[in-house]
Amino acid sequence: MSSDNKLKNFLKDFDESIVPADGLDYAFYGVAKTDTGYQAIYSTERIIAHLMEEDMMDFDAAEEFMHKNIFDAYQGENPPIFMDIIPEEFWK
């Protein structure tokens, strides 16, 4: 079973209303409880790094691709949450 299928099964068992982001198992970060239910959380940093490494995109192209082709792909109730991780150095 692929890791993407394992994640989908985990999320389905956790709460059937969670909408997983297809093909982004490598960027899965956790689950959040919101007013409408549970939502899967994905790391934008991991998505960009993956696009840069696997698809040989530079940072700007990877970020633009993520915004246009990933963020806009999920609508409706309980869509995935895409989280920017703020480096610890920012808070010091």
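Contact between A40 and F28 at its shortest, heavy atoms only, is CB-CE1, 4.1 Å. Taking each heavy atom of T34 and I81 in turn, the nearest pair found is CG2-CD1, 4.4 Å. Shown here for Y74 and P20, the closest heavy-atom pair between the two residues is CE2-O, 3.7 Å.
Taking the six-membered ring where tryptophan is involved, the planes of H67 and F71 are perpendicular, since the angle between them exceeds 60° and thus also 30°.
When hydrophobic clusters are built by joining Ile, Leu, Val, Met, Phe, Trp and Tyr residues whose side-chain heavy atoms come closer than 4.5 Å, directly or via intermediates, F82 is grouped together with V31. When the side chains of ILVMFWY residues are joined at heavy-atom separations under 4.5 Å, either directly or via intervening members, M66 and V19 end up in a single hydrophobic cluster. Under a hydrophobic clustering in which Ile, Leu, Val, Met, Phe, Trp and Tyr are joined whenever their side-chain heavy atoms come within less than 4.5 Å, directly or via other members, I41 and L11 fall into different clusters. Transitive grouping of hydrophobic side chains (ILVMFWY, heavy atoms separated by less than 4.5 Å) brings I18 and F10 into a common cluster. Follow the hydrophobic side-chain contacts under 4.5 Å out from L24 and you reach L7 in the same cluster.
In this structure, the separation between CD on E53 and CZ on R46 is 13.5 Å, given to the nearest 0.5 Å.
Contact check on K6 versus D25 returns no salt bridge, with no Lys/Arg side-chain nitrogen under 4.0 Å from an Asp/Glu carboxylate oxygen. A salt bridge is absent between D72 and K68; no separation between the charged side-chain nitrogens and carboxylate oxygens falls under 4.0 Å.
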